[in-house]
Structures are given as C-alpha cells and as structure tokens.
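Take a look at the structure below.
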Amino acid sequence: MKKWLLLSLMLFSGLANAAIELGKDYTMLATPQPVADPKKVEVIEFFSYHCIHCLELEPAMSAWEKSKPADVAFSKEQIVWQKSMEGFVRMFSAFKTSGSYDKLHRPAFEAVVKSRINLSDESVFANWLKQQKGVDAAKVMQAYKSFGVNAQVAKAAKMTRDYAIQGTPTVIVNGKYVVTPVAPERMVQVINELVAKARAEKK
C-alpha cells in the first residue's frame with residue numbers, strides 16, 4: 001500500500017510539473033524585442049484597466065511579484081490601442097510617480113471594471129480621485145499632467161505596437177515568449193517555467 005501511495009504521489013508530482021509546450025502553454029513573439037537588462041530575465045505584463053481578466057489576474061501576479069527571484073525584472077504596461085486609452089496610461093503612471101500606486105491601483109481597477117467609471121477621461125478621473133481617502137489628489141494630478149507622464153504615454157503606445165499586443169492580459173517573458181492566457185494560477189506556473197527556460201539559455 002505504501003509503495004502504491006508513493007508511486008501515485010510521484011506520478012502526480014510529475015504531471016503537476018510537466019514540461020510546458022510550445023503552442024499550448026506559450027507561443028513565440030513574431031518579432032522578438034530587446035530586454036532592458038540582459039543580465040536579468042525580463043517579464044512584462046501588458047494589461048488594461050478596462051479588462052476584467054486583468055483584474056482577476058492581479059492578485060496572483062502581485063503575489064508572484066513579491067516572491068519572484070532576484071534575477072527577474074518585472075514590469076506592468078497599460079496598453080494603448082486607441083487614443084481614448086491614453087488616459088489609462090496617464091493614470092497608471094501618475095499613481096507610480098506620485099507614490100500612490102499601492103493605494104489607488106486596485107480601487108481604480110475595480111471602479112472601471114465593476115462600476116464602469118470611465119477613468120480614462122481626465123475630468124472623470126479628477127472627480128473620482130477627490131473621493132479617495134488618504135490621498136493627495138493635487139499631487140497625483142500634478143504627476144498626471146507632467147512631461148514625464150507624456151513620455152510614458154508615447155512609450156506605452158510604441159510598446160503596444162512593437163510587441164503586437166492583441167489582447168489582455170498578455171505576459172511576455174524575455175522579449176520572446178508569450179504566455180497563453182489561462183487560469184491565473186496556471187499562468188504563474190507557466191511564467192515560472194519560461195523564466196527558468198530563459199535563465200538556462202543565458203548560460
């Protein structure tokens with residue numbers, strides 16, 4: 001009985017850690033993109049505040065980010081498919097620049113997805129911001145209208161084009177591996193496998 005149990009556990013473990021498959025778990029980016037730091041494995045999550053699947057992925061990715069290996073560089077990018085989405089980039093960048101990301105990112109996500117508040121509109125965003133407690137709204141709006149944020153808008157639009165982002169969430173590892181969207185927990189598993197693959201390729 002013990003031998004059978006041990007065999008079962010080994011089999012289950014093997015299935016749980018089965019190698020990822022090209023075409024099933026991930027695809028290759030048609031035009032690979034250069035990574036910011038060649039010494040690190042780069043992971044980029046392309047998302048949008050209006051995407052419910054991005055909102056659902058958020059907890060798993062946040063937990064993963066906190067425990068990711070030291071040699072992994074992680075970033076999030078709000079995509080820009082059309083001019084009306086530029087406001088989301090401004091908002092996202094303003095949160096990070098003003099130091100209010102931890103307080104406002106999730107509430108903004110829920111406001112757009114669950115309450116259907118169009119925070120990509122500057123006046124709507126400014127009004128919503130005033131209602132958020134414990135936040136320096138003036139500081140956030142100053143960042144929102146800054147030259148640096150203007151540059152981030154242009155960068156986000158270019159990255160959306162360069163990485164050929166067709167849907168969200170899209171996670172790309174090391175500028176070439178595109179994770180196939182599945183349940184959040186499985187996406188994290190595939191990301192980890194691709195990180196290991198990219199790390200091995202550097203040796």
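The first residue in the sequence is number 1, and the count goes up from there. Here the structure is a predicted model, which is why all the values come from computation and not from measurement.
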Inset, instruction - With the side chain counted from C-beta on, respond yes when Val89 and Val80 share a heavy-atom pair under 4.5 Å apart, and no when they do not. - result: yes
Legend entry - Thr168 to Phe46 - nearest heavy-atom pair and separation: CG2-O, 3.8 Å
Legend entry - Joint hydrophobic cluster, Val43 plus Val182, side-chain heavy atoms closer than 4.5 Å: yes
Legend entry - Spacing of CD belonging to Glu65 relative to CD belonging to Glu45, to within rounding of 0.5 Å: 9.0 Å
Side-chain donor/acceptor pairs under 3.5 Å, residues 25-35, sequence neighbours excluded:
from, atom 1, to, atom 2, distance (Å)
Asp25, OD1, Arg186, NH2, 3.1
Asp25, OD2, Glu21, N, 2.8
Gln33, NE2, Thr31, O, 3.0
Gln33, NE2, Asp162, O, 3.2

Inset, instruction - Would you check if there is a donor-acceptor pair between the side chains of Gln78 and Ser48 at a distance under 3.5 Å? - result: yes
Inset, instruction - Decide, yes or no, whether a salt bridge links Lys83 with Glu86 under the criterion of side-chain N to carboxylate O below 4.0 Å. - result: yes
Inset, instruction - Show your reasoning for whether side chain to side chain contact (heavy atoms under 4.5 Å, CB included) applies to Ile117 and Val112. - result: CA-CA 5 Å; Ile117 300 174; Val112 176; 5.6 Å; no
Inset, instruction - Rounded to the nearest 0.5 Å, what's the gap from OH on Tyr177 to CD on Glu201? Could you check? - result: 3.0 Å
Legend entry - Side chain to side chain, Leu104 and Leu129, heavy atoms closer than 4.5 Å: yes
Inset, instruction - Evaluate the criterion side chain to side chain contact (heavy atoms under 4.5 Å, CB included) for residue pair Val72 and Trp64; output intermediate values, then yes/no. - result: CA-CA 11 Å; Val72 174; Trp64 174 83; 3.9 Å; yes
Legend entry - Side chain proximity check, Asn127 to Phe125, heavy atoms < 4.5 angstrom: no
Inset, instruction - Kindly indicate, with the supporting measurements, whether the criterion ring-ring contact (aromatic ring centres under 6.0 Å, His included) is fulfilled by His105 and Tyr49. - result: CA-CA 9 Å; His105 176 65; Tyr49 278 104; 5.3 Å; yes
Legend entry - Side-chain heavy atoms of Ile79 within contact of Met159, under 4.5 Å: no
Inset, instruction - Any chance you could lay out the side chain to side chain contact (heavy atoms under 4.5 Å, CB included) test for Thr170 and Ile172, step after step, and finish with the verdict? - result: CA-CA 7 Å; Thr170 293; Ile172 297 179; 3.9 Å; yes
Inset, instruction - Might you confirm whether atom NZ of Lys103 has over 12 heavy atoms from other residues, nucleotides or ligands at distances under 6.0 Å? - result: no
Legend entry - No-hydrogen, no-angle side-chain donor-acceptor test under 3.5 Å, Ser100 and Ser98: yes
Inset, instruction - Could you tell me the separation between the CE atom of Met91 and the CG atom of Leu119, rounded to the nearest 0.5 Å? - result: 5.0 Å
Legend entry - Criterion side chain to side chain contact (heavy atoms under 4.5 Å, CB included) on Lys202 and Asn174, from CA distance to verdict: CA-CA 11 Å; Lys202 290 179 179 294; Asn174 234 37; 3.9 Å; yes
Inset, instruction - Would you indicate whether the side-chain heavy atoms of Met187 and Val171 approach each other to under 4.5 Å? - result: yes
Inset, instruction - Would you indicate whether the side-chain heavy atoms of Pro169 and Cys51 approach each other to under 4.5 Å? - result: yes
Inset, instruction - Check whether any side-chain heavy atom of Gln82 sits under 4.5 Å from a side-chain heavy atom of Met85, and report yes or no. - result: yes
Legend entry - Heavy-atom side-chain contact between Val149 and Tyr144 under 4.5 Å: no
Legend entry - Sidechain N-carboxylate O distance under 4.0 Å for Glu122, Lys145: yes
Legend entry - Joint hydrophobic cluster, Trp81 plus Ile44, side-chain heavy atoms closer than 4.5 Å: yes
Legend entry - Distance-only side-chain donor-acceptor flag, Asn150 / Arg90, under 3.5 Å: yes
Legend entry - Presence of salt bridge, Glu110 and Arg106, under 4.0 angstrom: yes
Inset, instruction - Test the Lys76-Phe47 pair against the cation-pi criterion, namely NZ or CZ under 6.0 angstrom from the six-membered ring centroid and within 45° of the ring axis. - result: yes
